[in-house]
Each structure stands twice: as C-alpha cells, then as structure tokens.
Amino acid sequence: MSTPPQGHAPISDELARRYWEAVAVHGDDPATDMCVHCRRSRCPEWAYAVEQLILADLLNFEK
Ligand SMILES: [Zn+2]
C-alpha cells in the first residue's frame, strides 16, 4: 500500500499565493482582535483561505 494519502488537493502556486495574501490581509489585528478588513474576528475570507492552505498541506495549525 503505497498510495499517497487522499484529501490533500494540490493547488497551483498562483492560487496558493492568493490564499496567503488573503490570510495576511484578513488576519486578526492584534490590537482589536478583528480582521482589519471586515472588522470581525476570523472573518470568512480568512477562514476559507486558511482552510484551503491546510487542505493543500501548505499550512499546519497543529502545535
Ligand atoms: Zn476579513
């Protein structure tokens, strides 16, 4: 059994770059604890980008 694990959908560099950008743009402002863009904590844009990066195995939230 040497099949690669399914569930990691590879995404293009361009797409990955856009997700990283979204994470940066929509990240929580440490001062307010809210997205500086949408003015809400962990806004949908941020959550979606993070989810895609995790699915693509580019981001690891486990500590
Ligand atoms: Zn936002």
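Just the heavy atoms: all of them, side chains too, but no hydrogens, waters or symmetry mates, feed the values below. When a residue number appears, it is its place in the shown sequence, counting from 1. These numbers come from a predicted model, not from an experiment.
No path of Ile, Leu, Val, Met, Phe, Trp and Tyr side chains, each step under 4.5 Å between heavy atoms, connects Y48 with V25, placing them in separate hydrophobic clusters.
Taking the side chain as every heavy atom from C-beta outward, Y19 and L59 never approach each other to under 4.5 Å.
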With a 3.5 Å cut-off and sequence neighbours excluded, list the donor-acceptor pairs that the side chains of residues 28-38 form with protein atoms.
from	atom 1	to	atom 2	distance (Å)
D28	OD1	R42	N	3.2
D29	OD1	A31	N	3.0
T32	OG1	M34	N	3.3

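Applying side-chain contact (heavy atoms from CB on, under 4.5 Å) to I11 and the options L58, D57, L55 leaves one that passes, L58.
Taking the side-chain hydrogen bond (donor to acceptor under 3.5 Å, both in side chains) definition, one finds that E21 meets it with R17, sequence neighbours left out.
Considering all non-hydrogen atoms of both residues, W46 and V23 come closest at CD1-O, 3.7 Å.
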